[in-house]
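Only a predicted model underlies this, so the values are computations on that prediction, with no experimental measurement involved.
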Amino acid sequence: MRRAERGGIFMRLISLIMLLAFLAALYVVRHPLMRFAGEFWVLDEPAEHADVIVILSDDNYSGDRATHAADLYRSGVAPQVVASGRLLRPYAGIAEIMEHDLESRGVPATSIVKFAHRAANTRDEAEALSGLVASRGWKRVVIVTSNYHARRARFIFGRVFRPGVTVRVSAALDTEFDPSHWWESRLGRKLFFGELLGFAVAWWELQGRASAEGSLLWLPVATNSRL
């Protein structure tokens, strides 16, 4: 066998060994990497005093978003809560369910604003809510959504809401998505990859639109809340 051929075989063997070593290392650290990937979606910004708390549509079966919003309301974060929900029929929709959830968790009916819409996705919902926020003159808005949906919601609302409106996203713990073990359940995998696709679409659609907040600062107002 020629020396050049032996050298070629040796280099291929070394490359194969390095590839196998890399795959073995990747297998060993797969769980920390997947935990990091799951926790990347979770964004929980400080919820200072605001004009309104907005719960995004399609809460889970346990009503985790409504529970979190009610906690924020009782802590004095904002005097009103918007129950934003898709219409399921011309006469009823998710907003009514969310209203019931909020009342059962201690939010008085007089502090709840039902907002029905026909949005098919988060961007459509943000566009619809932008009109409501402008009509009410709200300037500081806390968006409540599920933990896995928080980062995409922050990206979308920051670009869809009009200049002069400051947005904070407060993530609700979700019984259907555990960032540390999302890959262990079919629903967890579905939610994770759904967010991955959804964020890619949102970035593609809104990449040219600057954040509406610009240089505005979130000016904290003293409250008795401990969040």
Might you work through the side-chain contact (heavy atoms from CB on, under 4.5 Å) test for R118 and R86, ending with a clear yes or no?
CA-CA 5 Å; R118 300 184 65 182; R86 291 184 298 111; over 6 Å; no

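- For the 3.5 Å distance criterion, the side chains of E125 and S57 fail to qualify, holding no donor opposite an acceptor.
- Contact record, G106 with P108: O-CD, 3.5 Å, taken as the closest heavy-atom pair.
- Scanning both residues, A50 and P79, for their nearest heavy atoms gives O-CD, 3.6 Å.
- Pairing each heavy atom of R152 with each of G198, the nearest pair is CD-C, 3.3 Å.
- To the nearest 0.5 Å, the span separating CG on D58 from NE2 on H149 amounts to 9.5 Å.
- With values rounded to the nearest 0.5 angstrom, S170 atom OG is found 12.0 Å from R65 atom CZ.
- Taken from CZ in R123 to CG in L206, the straight-line distance is 4.5 Å, to the nearest 0.5 Å.
- In terms of modelled atom types and a separation under 3.5 Å, the side chain of S75 and the main chain of D71 share a donor-acceptor contact.
- Hydrophobic clustering, with ILVMFWY side chains joined whenever heavy atoms are under 4.5 angstrom apart, keeps I94 apart from L87.
- No hydrogens or angles considered: nothing links the side chains of D64 and S146 as a donor-acceptor pair under 3.5 Å.
- If you chain together hydrophobic residues whose side chains sit under 4.5 Å apart, V42 and L191 never meet in one group.
- Taken to the nearest 0.5 Å, the CZ atom of R159 stands 8.5 Å off from the CZ atom of R154.
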Show your reasoning for whether side-chain contact (heavy atoms from CB on, under 4.5 Å) applies to Y148 and D174.
CA-CA 8 Å; Y148 62 85; D174 196 286; 3.7 Å; yes

Please determine whether side-chain contact (heavy atoms from CB on, under 4.5 Å) holds for the pair F40 and F192, giving the CA-CA distance in whole Å, both sets of side-chain angles, and the decisive distance to 0.1 Å.
CA-CA 10 Å; F40 172 79; F192 176 85; over 6 Å; no

What verdict does the side-chain contact (heavy atoms from CB on, under 4.5 Å) test give for D51 and R136, after you've listed the backbone C-alpha separation in whole Å, the side-chain angles of each residue and the deciding distance to 0.1 Å?
CA-CA 10 Å; D51 298 319; R136 296 294 183 104; over 6 Å; no

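- Using a 4.5 Å heavy-atom cutoff, the side chains of F36 and L33 are not in contact.
- Under the 4.5 Å side-chain heavy-atom criterion for grouping Ile, Leu, Val, Met, Phe, Trp and Tyr, L173 is not connected to M98 through any hydrophobic cluster.
- Between atom CD of residue E127 and atom NE2 of residue H117 there is a gap of 12.5 Å, rounded to the nearest 0.5 Å.
- In this structure, R189 and E184 have side chains that are not in contact, with every pair of non-hydrogen atoms separated by 4.5 Å or more.
- Closest of all the heavy-atom pairs between A83 and E99 is CB-N, 4.3 Å.
- With a 4.5 Å cut-off on side-chain heavy atoms, R35 and W183 count as touching.
- Using modelled atom types, one side-chain atom of W182 and one backbone atom of M34 make a donor-acceptor pair closer than 3.5 Å.
- Grouping the Ile, Leu, Val, Met, Phe, Trp and Tyr side chains by contacts below 4.5 angstrom, directly or via other members, places L43 apart from I156.
- Tested against V82 for a side chain to side chain contact (heavy atoms under 4.5 Å, CB included), the candidates L56, I53, L132, I143 yield a single pass: L132.
- Listed here is the closest heavy atom pair of R162 and A134: NH1-CB, 3.2 Å.
- Separating the NZ atom in K114 from the CG atom in L102 is a distance of 11.5 Å, to the nearest 0.5 Å.
- A distance-only check finds a donor-acceptor pair linking the side chain of E96 to the backbone of G93 [under 3.5 Å].
- Nearest heavy-atom pair across F177 and G38 is CE2-O, 4.1 Å.
- In the hydrophobic cluster analysis, where Ile, Leu, Val, Met, Phe, Trp and Tyr join through side-chain heavy atoms closer than 4.5 angstrom, W138 is grouped together with L129.
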